[in-house]
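A quick write-up on the structure given underneath.
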Amino acid sequence: MTLSKLARKNIIRNIRQYLLYLYSLVFSTAIYFTFVSLQNNQQLLSSTVTIGKLESAFFAASMILMIFSGSFIWYSNSFFTRMRKKEVGLYALFGMSKKKIGLLLFYENMIIGALALVIGIGAGILFSKLFMMIIFKLMGFSLEVSFSVSSRAMLQTIVVFLIILLVTSIHSYRLIYRFSLAELFKADRKGERLAKGSVITSILAVVLIGVSYLLFWNPEKFTIIHYTGIRFGTAVFFLVAGSYFFMNSLAAYLLKLMKRLETVYLKGKNLLGITNLLYRFKGNVLILTVISLLSSVTLLACGTILGFYYHIDRVTNEHFPYSYMFKMKDVEVNKEIAALIERASENKPRYQLNLEYLPVEADLNGMERVPDFFQTMLISENTFQKLMEERGRPESLHLKRNEAAAFYDGNLDVKSDPYSGKQLVLKAGQELTITTYKPFSLLNQGEMLFPLVISNAQYEELKEGISPQYLHIYKLKNEKSLEKLDSKLEKIVRPLQFNDNLPIYSSFYDKYHYGLETYGLLIYIGSFLGLVFMAATGSIIYFKQLMEAASDKARYQTLRKIGIPEQEIKKTVARQVGFVFVLPLLLAVSHSAMITYLLSEFLQIPLQVPFMIFLGAYLVIYLIYYLMTTAGYVRLIKTSS
Amino acid sequence: MIYMELILEAKGINKVFGTKRNSYTALRDIDLNITKGEFVGVMGPSGAGKSTLLNVLSTIEKPTSGLLQFNGKSLTNMKETELTEFRRDQMGFIFQDYNLLDTLTVEENILLPLTFSKTPQREMKRKVHELARKFGIEENLEKFPYEISGGQQQRTAVCRAIICQPKILFADEPTGALDSKSAYYLLETLSELHKEQAATILMVTHDPYAASFCSRVVFIKDGTLFTEIRKGEQSRKQLFGQILDILSSIGGGQYDAV
């Protein structure tokens, strides 16, 4: 029998064992291919403006995917080869040369890898159309998705995975050289000592996590570190360290505490479960820490992005209260734009206004948030009132002389008031003090304007020296579906943007769809990575638990022999595996819920619902992994050796 | 003759392994009665079916045909879950390789079977200490199996086997992995259990010396009962000699590592 034939026969005969490994390979390949083919999709590239700006995000995501797939496959492969140590030992015993055994393992891995690559790409081709439809929907495109296979994506996937396969195959090849014959036959490491769990490190874990939350929270009267970057860095570091100590000490300590409670401890299932966990814990600490942190990041990122996406409507309305707001230098152009808008809005605009203001030059040195090149514009209280009445939210200010009101400027820290008490000096000499701050946008954001409202009397006075200007404001009913109008206006405005002196042009439609596209893409990237992380963390626990099951088989056989009922053994396993699954989940939920809550306070976007949605999905997938692991564990310890 | 209470009654036991085309009969028409307070040894060459007999009698394996009664109750038709419970409550087991759990301390190993019944904790602890004192492993209760000697491990296993006060104790080559001194100590222990507490024990062994501690020795060959001898009023030495005689007539050449 030739070596390659033996390799093929091995695969066919042991298909059950290979299946899990094959699954992780296929999964990684399919995910990677789908992602890369999206990146190379011509339809998407030609119909979006944002993808260029998100290119770095795409690139980073595909790099992360690659690294992740690589380490995931590496991990599955080493799990898989370790399971077969005995078989390899047997070949050696029968006189097969080391080189031949190595080659056998090498061939096997390559055959399986090639198989996975074909299946994975096949699945990826089917999936990519589905995913394209999802992403087009998310981004608000009304395009028919054409079925196309990107050859570039295929080539990229093949190259990347062949490299990964080659590396892992060489690793398999080295197996026989890494262990002596005796070691191959020996059962897996015996010496995993009982986890200790000290009180001091347990307390340290709680303190570190607590301080880290506090640093993220940064309550007003309790600022420990002022510089934001350092604060976040420290917080993340503390969180990581705290999570490690949590797994390393606190969990073991809790188990030991349970051991001391004899009423709990001396119930059959608990005695076995707790000792087994303690026995195996040391080898699990690092993996569980990594998993808890990965899960935190996944939950946090996906929840937040989803939250943003859901609130694009609200946020866009807040930042861009008017459908159109413009002032070009040429009066004729203004008229042309106005005519187009009026013709397009068949239902008539909800309101239309020419906002009078005085462009002034002022010394803004005291204001960090307003760069010098921003156009300061003064608006009279009367005009302001009229505008607000049109917007349907009447406001009055009662400003005195030399007082001014400032407005929300798109700050991410929504709750802060960066203006009250600040002063500015006009070129004509007047000194204005900002006494009022309103937490809403007076004009559309992003046009480099700094609007201030002053008293009517002072406005009239200043008007004598400066000629007033008019900003044209339109609010339309169908502002979200003005695709045709918007592209017409774009054609007029675009060429004037640079040669016209400081034109003002802001379109709600444009901003809205920009947001949809951006966050739609981010959701896509985010959920992709989330999916991969989730699958990977679940599988890693799965592998690790099954590995333990394989080496603990004898122990369970003993239990069966001395008459411990099968049902009880199953329950013990279910609890034990449950503990391993719940522990990282507990940390992940705590971390991500805390940070999501703080973030949503900070941004004033309710992230709770999207977070819960994501958490729900996460829990379901996690639960499936748990059930699979328990079933696999029970199956493994049942089969006689 | 005094009335003897029958504990285990096997009638016409057959055990066939494999498929129809390629079958192997491990046990053929075995009839065996074990009465209360007996210390029965089962001997025979390798492959004679000693372990299979023990497995069938202890309900770990089902016989292909035949009747098995325990205390007058038929076991042949019991469901697997019932059998497990039955095993837990009525039977104790000792194995050649001890089969202690290395994650548990000696104490935990001993009380393990109790934790699955509804014994109060104080009672559990009391029982463990009592047994440990009796078997000379009281100082080792807090230690882990790998920290104590093989003999101590096997005595731990004996404690575990009898803590539920089983009606019958099954021992599969209990001295097989022990040095001669530990083996002697263990056999003395079993023999004491038998004499002082009238425990019923069934021990499979191929060591004639171990068998000489029994009150009755059953010999099997090629899956059938060959003969049996009783100790009666003989000394252990006399019984030992008798056992050797029978073994040589069965065919001594087949003995491995006596």
Side-chain angles (χ1 to χ4, degrees), chain A residues 187-195 252 255-256 258-284 548-549 551-573 575-576 637-638 640-641, chain B residues 54-55 58-61 79-105 107-125 127-128 144-147 157-164 166 169-170 172:
Chain A
D188 265 319
R189 297 163 296 156
K190 264 256 157 78
E192 283 184 272
R193 270 178 300 140
L194 288 186
L255 283 173
K256 280 190 125 183
M258 277 206 265
K259 208 170 162 176
R260 241 172 266 164
L261 284 172
E262 295 203 327
T263 24
V264 181
Y265 184 53
L266 289 184
K267 288 246 174 66
K269 276 159 283 191
N270 297 344
L271 175 73
L272 281 176
I274 292 171
T275 45
N276 252 347
L277 280 171
L278 273 172
Y279 184 71
R280 286 286 177 200
F281 215 77
K282 262 207 154 135
N284 275 325
E548 289 178 9
S551 51
D552 285 353
K553 217 173 182 175
R555 199 172 302 153
Y556 289 100
Q557 250 146 23
T558 304
L559 289 178
R560 215 166 285 127
K561 273 188 197 161
I562 64 169
I564 308 279
E566 199 63 43
Q567 220 42 42
E568 299 287 316
I569 295 178
K570 266 188 206 161
K571 277 185 208 156
T572 311
V573 167
R575 279 194 201 181
Q576 220 172 290
I637 58 173
K638 225 178 183 173
S640 51
S641 51
Chain B
L54 182 123
N55 284 347
S58 63
T59 72
I60 289 177
E61 274 178 49
K79 275 186 205 143
E80 187 51 43
T81 46
E82 280 177 283
L83 278 179
T84 332
E85 258 173 64
F86 181 79
R87 268 206 296 276
R88 187 190 69 200
D89 298 335
Q90 315 279 349
M91 297 171 176
F93 292 89
I94 310 169
F95 310 94
Q96 176 172 358
D97 45 1
Y98 329 129
N99 275 327
L100 297 175
L101 299 188
D102 47 3
T103 52
L104 302 181
T105 61
E107 180 178 13
E108 288 162 353
N109 262 299
I110 296 174
L111 56 76
L112 181 68
L114 284 184
T115 58
F116 286 91
S117 63
K118 287 196 176 66
T119 317
Q121 276 134 45
R122 198 167 298 159
E123 179 72 12
M124 275 188 208
K125 288 258 169 183
K127 274 187 173 168
V128 170
F144 285 92
Y146 50 83
E147 294 171 317
V158 174
C159 289
R160 181 181 64 185
I162 61 175
I163 198 166
C164 282
L169 189 61
F170 292 99
D172 191 356

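Numbered from 1 within each chain, the chains take letters A, B, ... in sequence-line order.
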- Item | Test side chain to side chain contact (heavy atoms under 4.5 Å, CB included) applied to A:Arg555 and B:Leu100, B:Leu104, B:Thr103, the passing residue | B:Thr103
- Query: Does any heavy atom of chain A fall under 4.5 Å from the side chain of B:Phe95, the backbone, both, or neither of them?
  - Reply: side chain
- Task: Supply the atom-to-atom distance A:Thr558 OG1 to B:Asp97 CG, rounded to the nearest 0.5 angstrom.
- Result: 7.5 Å
- Any side-chain heavy atom of B:Leu112 sitting closer than 4.5 Å to one from A:Leu272? yes
- Hey, what do you get for CD1 (A:Ile274) to CD (B:Glu108), rounding to the nearest 0.5 Å? 9.5 Å
- Hey, does B:Ile60 have a side-chain heavy atom less than 4.5 Å from the side chain of A:Arg560? no
- Part of B:Met91 lying under 4.5 Å from any heavy atom of chain A: neither
- Query: Taking every heavy-atom pair that is under 4.5 Å apart, which of B:Phe86, B:Phe93, B:Phe170 has the most such pairs with chain A?
  - Reply: B:Phe93
- Examine whether an atom of B:Leu111 lies under 4.5 Å from a heavy atom of chain A, and if so say whether it belongs to the side chain, the backbone or both; otherwise answer neither. side chain
- Side-chain heavy-atom pair B:Leu101, A:Asn276 within 4.5 angstrom cut-off: no
